[in-house]
Structures are given as C-alpha cells and as structure tokens.
Amino acid sequence: MGVMTGNRKKLTQRGRVLRRINVPSFTYLEVAQKGKKIWVAISNTNVKKGEMIRFDAGMPVTNFYSKSLKRTFHKLLFVNTLVADKGAK
C-alpha cells in the first residue's frame, strides 16, 4: 500500500497515480493533482497506476537528475510518507 510512517493527519497532499517507475532505491510517481501533473519520489512502494494516494508536503527539488533513469525531473517532490487512499474515488 505504500510507506506509512507518522501520522495520517500530516498527509496534506493527495492525487491519482498516472505512472510509476521503479529503480533500485526509489519509486517515482507521476501524480495528477488539482488539474496539474507532478512527480513524487519515495522509497520503494507498491502503489498502482490509477490509485488515489495521500502524501506529506515533502521536499521539492528542481532540476533533479536521476542517474538510474538518465533523465532530469524539472520539479520532483521527495516525500517521507505515502499511502493508498482506499476511501477516495
């Protein structure tokens, strides 16, 4: 279901997973959120494409280069806590 550490009340962000890319240490998720698409990174997680998720505000990083993927993310949000939001539609 994802990584859960800390209190659910701190999971102020939510969105729908559009794409998931796994690399050895991280999972990169493209998330639809409030009419925009954002990229989120977290320690490996097993959320699936199409699932609604909740996550913390994280730490935004601009122009992050992933050596594993050999690509640059214009803006990437590194989060500590992410869960599947089973009650969301």
Side-chain angles (χ1 to χ4, degrees):
M1 308 254 168
V3 175
M4 180 63 179
T5 58
N7 190 331
R8 262 185 99 91
K9 291 181 181 178
K10 295 181 182 177
L11 304 181
T12 58
Q13 306 294 310
R14 63 186 295 189
R16 184 171 305 280
V17 177
L18 300 174
R19 185 166 34 154
R20 181 178 99 183
I21 303 171
N22 286 329
V23 296
S25 299
F26 287 97
T27 299
Y28 296 95
L29 301 169
E30 185 178 27
V31 177
Q33 184 184 52
K34 299 177 185 173
K36 296 186 211 173
K37 293 178 184 177
I38 63 168
W39 281 96
V40 174
I42 189 162
S43 298
N44 287 333
T45 185
N46 61 355
V47 296
K48 296 174 180 62
K49 180 179 174 180
E51 280 189 295
M52 288 296 294
I53 57 172
R54 293 175 53 107
F55 50 96
D56 63 83
M59 182 181 74
V61 178
T62 55
N63 298 319
F64 176 80
Y65 181 74
S66 167
K67 291 179 187 175
S68 300
L69 298 174
K70 297 182 177 132
R71 74 173 274 190
T72 299
F73 291 91
H74 174 67
K75 184 175 180 184
L76 182 64
L77 186 62
F78 282 93
V79 300
N80 294 309
T81 307
L82 184 148
V83 296
D85 192 355
K86 296 295 183 186
K89 298 198 185 249

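Both backbone and side-chain heavy atoms feed into the values below; hydrogens, waters and symmetry mates do not.
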*Given side chains that start at C-beta, do those of F73 and V61 come closer than 4.5 Å, heavy atoms only?*
no

*Between V47, L82, I38, which is the residue that forms a side-chain contact (heavy atoms from CB on, under 4.5 Å) with V31?*
I38

*If you measure from CG on L77 to CD1 on I42, what distance do you get to the nearest 0.5 Å?*
10.0 Å

*When rounded to the nearest 0.5 angstrom, what distance separates CG in D85 from CG in L11?*
9.0 Å

*If you round to the nearest 0.5 Å, how far is CE of M59 from CG of N80?*
9.0 Å

*Restricting to pairs with a member in residues 32-41, which pass side chain to side chain donor-acceptor pair (under 3.5 Å), not counting sequence neighbours?*
Q13-Q33

*asked:* Distance check, rounded to the nearest 0.5 Å: N46 atom CG versus E51 atom CD?
replied: 8.0 Å

_Same cluster or not: I21 versus I53, using hydrophobic residues (I, L, V, M, F, W, Y) connected whenever any side-chain heavy atoms lie under 4.5 Å apart?_
no

*After noting the C-alpha distance and the side-chain angles of L18 and K49, does the key distance pass the side chain to side chain contact (heavy atoms under 4.5 Å, CB included) rule?*
CA-CA 5 Å; L18 300 174; K49 180 179 174 180; 5.9 Å; no

*Rounded distance (nearest 0.5 Å) linking atom OG1 of T12 with atom CZ of R54*: 8.0 Å

_Testing the basics here: between F26 and A41, what is the closest heavy-atom pair and its distance to 0.1 Å?_
CD2-CB, 4.4 Å

*Mind listing the closest non-hydrogen atom pair of N22 and T45 along with its distance?*
OD1-O, 4.1 Å

_Nearest heavy atoms of P24 and N44, plus distance in Å_ = O-ND2, 3.0 Å

_Joint hydrophobic cluster, F64 plus L69, side-chain heavy atoms closer than 4.5 Å_ = yes

*Taking all non-hydrogen atoms of both residues, which atom of P60 and which atom of K75 are closest, and how far apart?*
CB-CE, 4.0 Å

*For G15 and F55, which heavy atoms make the closest approach, and how far apart are they?*
N-CE2, 4.3 Å

_NZ-CZ distance between K48 and R20, expressed to the nearest 0.5 angstrom_ = 7.0 Å

